[in-house]
**Q** 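Input: one structure, supplied below.
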Amino acid sequence: MRPSPTILHADLDAFYASVEQLLDPSLRGRPIAVGGGVVLAASYEAKRYGVSGGMAGWRAKQLCPQLTFVHGHFSDYQRIADRVMAVLDDFTPLVQRISIDEAFLDVSGSVHLFGPAEVIGEQIRSRVRAEIGLPISVGAARTKHLAKVASQVAKPDGMVVVHPGHERAFLDPLPVGLIWGIGPVTQKKLAERGIRTVGELAASPNDSLRALLGQVLGAKVSALAANEDERRVQPTGRASSVGAQSALGRRAATPDVIRPVLGHLADRVAGRLRAKHRAGRTVTVRVRFANMRAVTRSRTLPFAIATTLTLTEVAEALVHSALSDHAGERHISLLAISVSNLVDQPVLQLELPLAPAPPDDAIRPGSRLGATRWAVDQSVDAVRRRFGHAAVGYASIVLSEHASVPDAFRELAEHEL
DNA sequence: TCTGGGGTCCTAGGACCC
DNA sequence: TCTGGGGTCCTAGGACCC
C-alpha cells in the first residue's frame with residue numbers, strides 16, 4: 001500500500017456568493033457579485049469574466065454586463081461557515097481554522113476510523129454538499145502548504161491528492177503565484193527574470209532565491225521544494241492587533257473631517273478591546289491620500305490603553321504628524337487605526353491607586369482623568385450591551401455619507417481577540 | 001465612475017544597552 | 001583616538017492573505 005498524505009486543506013468555493021446562490025435558487029448558475037460599490041465576493045460564473053473581489057462595481061459590470069449584484073446576507077455567513085467547520089470537527093480534533101471559510105486538518109490519527117486521507121476528503125465534500133448545500137474543495141498532501149496549493153488547484157468543487165513522493169512532479173509545472181506569500185508584485189519581479197513556474201523557481205540557485213524573495217520567503221520556497229514544509233496543525237491563536245479603517249472617497253484633510261472619523265474608528269477598536277478585556281501599547285494610524293499613496297505613523301506608549309477618547313487623541317496626533325510631513329497632500333481617501341502590542345487588561349483597572357497627575361495624565365490608566373474616561377467607556381459599553389450598539393456613541397455623518405460596507409461585513413473579518 | 005475591511009509578517013534602519 | 005558584536009525595541013513601509 002502506498003503511503004497516504006495526512007494533512008487536508010478544506011476551502012469553501014466562492015463562499016459568500018455560494019451562500020447567496022444557496023439562499024436564492026434563482027441566482028444559481030448565474031454570474032453574481034455580493035456588494036455594490038465594490039465587489040466583496042464573486043460567483044464562479046462571474047469570475048469567468050474576470051470579476052474578482054475588491055474590484056470596483058462599475059468595472060465588474062463592464063467586464064460582465066449581465067452581472068447581478070446582491071446585498072449580502074452577512075449574518076448568515078458566519079452561521080453557515082460554523083456548520084461546515086463542525087463537519088470537519090467530526091473527522092479529527094486537529095482542525096486549524098484560518099479564516100471564515102477554510103481550515104487545515106491533520107487526519108493522521110483518523111485514518112483507522114475513516115480510511116485514508118482521500119476517503120476522508122471525499123466524505124467531507126459529500127457531507128458539506130448534502131447537509132449544508134455548499135461546494136467545498138479539498139487538497140491533501142504531506143504538508144500544510146502543499147495541501148493548500150492542492151485545494152487551490154482542485155477548485156472549483158474538487159479534490160486533489162498529492163501522494164508522498166510525487167510532490168515535485170505536482171508542483172513544478174504550477175505558476176509561482178499559487179505559492180502562499182507570492183503575490184502580484186513578486187510574481188512580476190520573477191516574471192522579469194523569466195521565472196513563471198514553481199519548477200523554474202526551485203531550479204534557481206538558493207542565494208538568488210533569497211535575494212529575490214527575501215530571507216524568509218526564500219527559505220520557505222526551498223523548504224516547499226524539498227518537501228520540508230511545516231506540517232503541524234495547531235489551533236488558531238488570538239489576534240495580535242486590532243484595527244478599523246474607513247475609506248472616505250475624497251475628502252479635505254481638515255479637522256472637521258478627520259476628528260469624527262477617528263472618533264468612530266477608535267470607538268470600534270477600543271470597544272472590541274474592552275469587550276475582550278484587552279488593551280494595547282502601540283497605536284498605528286494609516287493615512288491614504290487622494291492619489292492612493294499611503295503612509296503610517298505609530299507610537300508606542302509606556303502603558304496599554306483601551307479607552308476610546310484616549311485612543312482618539314493619540315490617533316489624532318499621529319494623523320497630524322503624518323499630514324504635516326505631507327503638507328502638499330490636501331485630500332485623503334482613507335483613515336485607519338490599529339492597536340498592537342496587546343496585553344490582557346485586568347478588570348480591576350479602576351481600583352488602581354490614583355497617582356499624582358503627570359503631564360500625560362489623560363492617557364495613564366489609574367490616573368484621575370484616565371479613571372474618568374474608563375468609567376465613561378464602561379457606561380457606554382453597558383448601555384450598548386443592553387440596548388444595542390446604536391443606542392449611544394459616535395454616529396459619524398461623514399462616514400454615513402460615504403456609505404461604506406455594513407458593520408455585519410466588518411464583523412465577519414474580525415479575528416478572535 | 002477608481003480601487004473595502006480585517007488581519008499577519010517581513011525588512012531595514014536607528015536607538016540603546018551590555 | 002578609535003572601536004566590536006550581540007540583543008531588544010521602536011518606527012515606517014510594504015507585500016500578502018482572506
Side-chain angles (χ1 to χ4, degrees), chain A residues 9 11-16 33-42 51-62 72 74 77 81 97-103 145 148 151-152 177-189 210-220 236-250 265 268-269 272 281-288 290-302 318 321-322 325-326 333-342 399 402-417:
Chain A
H9 180 257
D11 197 346
L12 288 155
D13 300 324
F15 177 54
Y16 299 164
V34 178
V38 63
V39 175
L40 300 175
V51 177
S52 64
M55 182 176 279
W58 62 266
R59 172 78 183 129
K61 195 81 182 176
Q62 213 174 44
F74 298 104
Y77 299 162
R97 188 171 185 176
I98 55 175
S99 72
I100 188 171
D101 59 357
E102 61 179 309
H145 195 143
K148 167 116 179 149
S151 75
Q152 304 314 297
L178 282 179
I179 295 178
W180 222 6
I182 297 189
V185 175
T186 309
Q187 252 175 94
K188 184 157 174 275
K189 253 196 279 185
R210 298 280 202 286
L212 240 52
L213 307 176
Q215 285 298 324
V216 173
L217 191 53
K220 252 187 203 162
T236 322
R238 298 158 89 187
S240 62
S241 70
V242 207
Q245 66 179 60
S246 233
L248 303 170
R250 179 192 158 92
L265 295 174
R268 287 188 59 84
V269 172
R272 284 185 62 201
R281 284 181 51 220
T282 304
V283 178
T284 304
V285 301
R286 188 175 148 87
V287 178
R288 196 180 68 190
N291 61 13
M292 300 305 279
R293 210 174 80 80
V295 295
T296 61
R297 288 293 178 276
S298 69
R299 180 179 163 199
T300 300
L301 306 165
L318 288 168
S321 135
D325 290 345
H326 300 270
S333 62
L334 175 140
L335 286 174
I337 297 180
S338 167
V339 175
S340 54
N341 246 319
L342 302 185
L399 288 179
H402 189 65
S404 46
V405 298
D407 278 356
F409 178 75
R410 295 170 170 254
E411 283 162 22
L412 284 181
E414 292 176 357
H415 293 198
E416 197 62 37
L417 257 179

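Given the structure is predicted, the values throughout are model-derived calculations rather than measurements.
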**Q** Report the residue (A:Trp58 or A:Ser241) whose heavy-atom-nearest nucleotide on DNA chain B is the more 5′ of the two.
**A** A:Trp58
**Q** Please report the distance, rounded to the nearest Å, between CG in A:Asn341 and P in C:dC9.
**A** 9 Å
**Q** Roughly, in whole Å, what's the span from CG in A:Leu178 to P in C:dC17?
**A** 10 Å
**Q** Which of the following nucleotides, C:dC17, B:dG5, C:dA12, is nearest to the side chain of A:Ser246?
**A** B:dG5
**Q** Identify which nucleotide among B:dG5, B:dT8, C:dC18 has an atom closest to any side-chain atom of A:Ala413, counting heavy atoms from C-beta outward.
**A** B:dG5
**Q** Testing A:Asp407, A:Val242, A:Ile337 one by one against A:Arg268 for a side chain to side chain contact (heavy atoms under 4.5 Å, CB included), which residue passes?
**A** A:Asp407
**Q** Could you check how far CG of A:Leu318 sits from C1' of C:dT11, rounded to whole Å?
**A** 11 Å
**Q** Does a donor on one side chain and an acceptor on the other come within less than 3.5 Å for A:Ser338 and A:Thr284?
**A** no
**Q** Could you tell me the separation between the CG atom of A:Leu212 and the C1' atom of B:dC10, rounded to a whole number of Å?
**A** 16 Å
**Q** Under a 4.0 Å threshold between the charged nitrogen and the carboxylate oxygen, would A:Arg97 count as salt-bridged to A:Glu102?
**A** no
**Q** Please report the distance, rounded to the nearest Å, between CG in A:Asp407 and C1' in B:dG4.
**A** 13 Å
**Q** Just call it for A:Arg281: base, sugar-phosphate, or nothing, with non-hydrogen atoms closer than 4.0 Å on any strand.
**A** sugar-phosphate
**Q** Choosing from C:dC16, B:dT3, B:dC10, which nucleotide comes nearest the side chain of A:Met292?
**A** B:dT3
**Q** If I take atom CD in residue A:Gln62 and atom C1' in nucleotide B:dT3, what distance separates them, rounded to the nearest angstrom?
**A** 13 Å
**Q** Hunt down the Watson-Crick or G-U wobble partner of B:dC18, both distances under 3.5 Å, from any strand shown, or write none.
**A** C:dG5
**Q** Tell me the interatomic distance from A:Trp180, atom CH2, to C:dC16, atom C1', rounded to whole angstroms.
**A** 11 Å
**Q** Return the value, rounded to whole Å, for the distance between atom NZ of A:Lys61 and atom P of B:dT3.
**A** 18 Å
**Q** Applying the Watson-Crick and G-U wobble criteria at under 3.5 Å, what pairs with B:dT11? Answer none if nothing qualifies.
**A** C:dA12
**Q** In terms of ring plane angle, is the pair A:Tyr16 and A:Phe74 parallel, tilted or perpendicular, where the classes change at 30° and 60°?
**A** perpendicular
**Q** Between B:dG4 and C:dC17, how many Å separate the two C1' atoms, rounded to a whole number?
**A** 15 Å
